[in-house]
Amino acid sequence: MRNLLPFISSHPGGRSALTCRFRCGDACFKETPNTSDNEYAGDIIAGAVSRRSMMRAAAVVTVATAAGTAALTGPSAPQAEAVALAGHGHQPGHPHKPAPSGARGLRFSPVAPNKDDKVTIPDGYAQNVVIRWGEPILRGAPAFNPDKQTAKAQAGQFGYNNDFLSLLPLRGERGRQVMVANHEYTDEILMFRGYDPANPTREQVEIAWAAHGLSVVVVQEENRTGKLGPVNRHPLNRRLTATSEFRMTGPAAGSTLLRTSADRSGGKVLGTLNNCAGGTTPWGTTLHGEENFNQYFANGTTDMHKRYGIGTSATERKWERFDRRFDLAKEPNEANRFGWVVELDPYDPDSTPRKRTALGRFKHEAAQPRLTSDGRPVVYMGDDEKFDYLYKFVSSKRMKKGNSRAAREHNLTLLDEGTLYVAKLSGDSPVTEIDGSGKLPDDGEFDGSGVWIPLATGTTSHVPGMTADEVYVYTRLAGDKVGATKMDRPEDVEPSPRTGRVYVALTNNSDRGKAGKPGADEANPRNSNKHGQILELAENWDDPTSDGFAWRLFVVAGDPDDPATYFAGFPKESVSPISCPDNVAFDAHGNLWISTDGNALGSHDGLFGVATHGDRRGELKQFLTVPAGAETCGPVIQDRRVLVAVQHPGEIDGASVEKPASVWPDGPGKIVRPSVVAVWRKDGRDIGV
């Protein structure tokens, strides 16, 4: 047995201090915002076990499978726990009989862990940089010159630190697609020569405002390869920044909690900030999660500011010196206008993007819808903070099919009416079997049941002591009050388009089990959790509107030689090491693809594929790694192309424009630039088949 891979950082996962400083405002080193005393899963396991044993004695539950999905039947679906997940793949005690060629869609030679300053891909594959920070995309925008950058130029150029990506079809233009990208945050030390963090200039601040937000870029495919490139100055190309106009919509729009001196209507907001992951809707729009917005606001004055991680002093970027709305002592409600899911229509460059208040306000990592059998969207969401919660929203409206103007206008209202829920999970093993080490309980899996607790429907609050407006604007407090389960940083949440199963990336939680903090429970089974896990959830009856679900841990990440890791029961000697799962996506074969953030195993971050069903369920293989200091974001998995966003390359402690820690993507002597990368097979065939 080889030695365990080394940890590489005292920071959460393997992040540099520079990344923690600029991306999330050192959130992991500040007091955990969730200080509520609501139950966490470890407190309720014993009761769940006794209830479960009684239910098993009294009820008969059957599992029916059709077209790869499982449905629960029987008189006691909410208590059926892991039975909903049975019937797919490996079960404890049932040996795998893997085919030699691997799971379909994952038939490539895995990339070995490495620290190379490049995007490393499997043999037989090729790559290109699709677009870099600063490339002009709008008419009149100049070529990128880092030494002569202006806010006006940046507002017409591709933004900084690309994260979520979406590729949408473009009818009538052969070989072209519409790419939408989030720009999560700026790192001024790596953007500006001689940057003085204590005294940023107005020009630097305004460039940073313009480098945040969203980009819409039409991309062109090269004949006979998978190479993509931007179509500069296409009419659909667009930039949304920290000063663009956005609309508040839904039940909390116009609330007194959203009004400021500049917007007494509570309905118009300037900008979107810290857009992390997102989602693509069945009706052709994109969703964008505002995540670590708290770090942009100075001088927090209330307990609610504190619950959202807003500090009481100056900010890192000092924006409050140049715009009073970032000073909460002057504009206490301005922060309430961030932390939402934004919906963008990329096919209408004149449309105003909307912040959907019905989906609640927290540190949104992502939002990916699925449709009910009658066509209503259900959106799953994670709040990316240690000990915060998992949510879903069920719309009360049905999607209209087609591309008529009436259908599009109707579908742009789908996320304004419905019910917002938060999750409470129970385990099915005795407390004594969950000791914080990650050792599997006697039944061979971490699994259990859960309930969705309603928080608000339209203008009706379901939370005692809170109005509906308060539930939407202070959603974290609503989750506290109803006893939601404290999780290990729930980030991207994606339903499988093939099975309906929902996969939740729980990135890590270094505070789990510390004095005064919640200890391990069955859904979060390791104290000082450095590597994270992926939870698999099945709604009762395979109905996304259900108020109950079964769950189990699909992957417990880390070095496969570590006994505290688990890969759905697949032989651990046959998987790649993985740490800190973050963004997830699916391919056409039903495989889950996972990008990592802060690999704590001595390798650069990467992209991994894992089979979710069949004899090779749990087989996890690394597809690529990214350059020094970078994080793997995106990703988009098409039949013949993989797209990833390479975020914050060179973001290593001590680095600067003058002393770069990476030479990617353009080589020595060039400024390091976050970029989007496309990967394809050299023979032109589908990925991994």
Side-chain angles (χ1 to χ4, degrees), residues 34 36-52 55 72 76-86 362 380-392 420-431 433-434 436 438 440-441 443 445-455 475-476 478-493 495 501-509 512-513 517-527 529 532-540 544 546-556 566 581:
N34 191 351
S36 66
D37 58 0
N38 61 302
E39 289 182 313
Y40 61 98
D43 293 330
I44 54 181
I45 287 174
V49 172
S50 62
R51 290 193 303 274
R52 189 181 194 211
M55 294 307 302
L72 290 182
S76 192
Q79 284 79 29
E81 290 105 344
V83 180
L85 295 167
F362 42 88
Y380 297 92
M381 303 169 287
D383 184 350
D384 183 11
E385 189 89 67
K386 291 182 292 186
F387 302 117
D388 261 294
Y389 309 132
L390 173 66
Y391 298 86
K392 81 171 178 180
L420 180 64
Y421 298 85
V422 70
K424 186 170 185 175
L425 284 72
S426 303
D428 71 352
S429 298
V431 174
E433 294 183 11
I434 311 298
L440 286 172
D443 68 0
E445 287 190 310
F446 298 110
D447 60 349
S449 65
V451 294
W452 292 109
I453 303 172
L455 300 178
T475 310
R476 282 184 166 180
D480 297 343
K481 284 182 174 291
V482 301
T485 297
K486 298 180 177 181
M487 305 295 286
D488 286 352
R489 287 187 59 206
E491 297 215 38
D492 204 352
V493 187
R501 302 292 164 78
V502 179
Y503 293 81
V504 184
L506 300 161
T507 296
N508 54 44
N509 186 349
R512 177 72 65 176
K517 306 291 185 183
D521 57 55
E522 196 158 354
N524 306 277
R526 292 182 294 189
N527 290 330
N529 180 10
Q533 61 263 15
I534 294 176
L535 182 144
E536 182 183 45
L537 180 156
E539 300 274 23
N540 289 344
S546 171
D547 61 2
F549 56 89
W551 66 266
R552 64 183 172 195
L553 293 189
F554 175 57
V555 169
V556 181
Y566 176 75

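Every salt bridge (charged side-chain N to carboxylate O under 4.0 Å, His left out) that D488 has, sequence neighbours left out, goes to R512. P490 pairs by the side chain to side chain contact (heavy atoms under 4.5 Å, CB included) definition with M487, V504, L506, not counting sequence neighbours. Partners of R526 under the salt bridge (charged side-chain N to carboxylate O under 4.0 Å, His left out) rule, at least two apart in sequence or in another chain, do not exist in this structure. Applying the ring-ring contact (aromatic ring centres under 6.0 Å, His included) rule to F446 yields no partners; only residues at least two apart in sequence or on another chain are considered. The side-chain hydrogen bond (donor to acceptor under 3.5 Å, both in side chains) test applied to Y421 returns no partner, not counting sequence neighbours.
Between K486 and Y389 the shortest side-chain heavy-atom distance falls below 4.5 Å. For the pair Y391/L455, a side-chain contact is recorded, criterion being any heavy-atom separation below 4.5 Å from C-beta on. Side-chain contact check for L425 versus D521: every heavy-atom pair is 4.5 Å or farther apart. For the pair N509 and N524, the minimum side-chain heavy-atom distance is 4.5 Å or more.
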Can you list the steps and then say if V451 with D547 is a side chain to side chain contact (heavy atoms under 4.5 Å, CB included)?
CA-CA 6 Å; V451 294; D547 61 2; over 6 Å; no
Under the criterion ring pair (Phe, Tyr, Trp, His ring centres under 6.0 Å), I'd like the reasoning laid out for F554 against Y566: C-alpha separation, chi angles, the key distance, then a yes or no.
CA-CA 8 Å; F554 175 57; Y566 176 75; 8.6 Å; no
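Between Y380 and W452, the angle of the ring planes lies from 30° to 60°, which puts this pair in the tilted group.
For the side chain to side chain contact (heavy atoms under 4.5 Å, CB included) criterion with D383, the lone passing option out of T475, L390, D388 is D388.
For the pair S449 and W551, the tightest heavy-atom approach, listed with the atom from each and the gap, is O-NE1, 3.1 Å. Across every non-hydrogen atom of P581 and A505, the tightest pair is O-CB, 3.9 Å. Taking all atoms of both residues into account, the shortest heavy-atom contact from G436 to A520 is CA-CB, 3.5 Å. Heavy atoms only, all atoms of each residue included: A484 and V422 are closest at CB-CG2, 3.5 Å. Across every non-hydrogen atom of V556 and Q533, the tightest pair is CA-CB, 4.1 Å. Annotation for S546 and N540: closest pair OG-CB, 3.4 Å, computed over non-hydrogen atoms.
The CE atom of M381 lies 15.5 Å from the CD atom of E491; values are rounded to the nearest 0.5 Å. Here D443 contributes atom CG and S429 contributes atom OG; the two are 4.0 Å apart, rounded to the nearest 0.5 Å.
Using modelled atom types, one side-chain atom of E522 and one backbone atom of D447 make a donor-acceptor pair closer than 3.5 Å. No donor-acceptor distance shorter than 3.5 angstrom exists from the side chain of N529 to the backbone of N508, with no hydrogens or angles considered.
Comment: E539 does not engage R501 in a salt bridge, judged by the lack of any side-chain N to carboxylate O separation of less than 4.0 angstrom.
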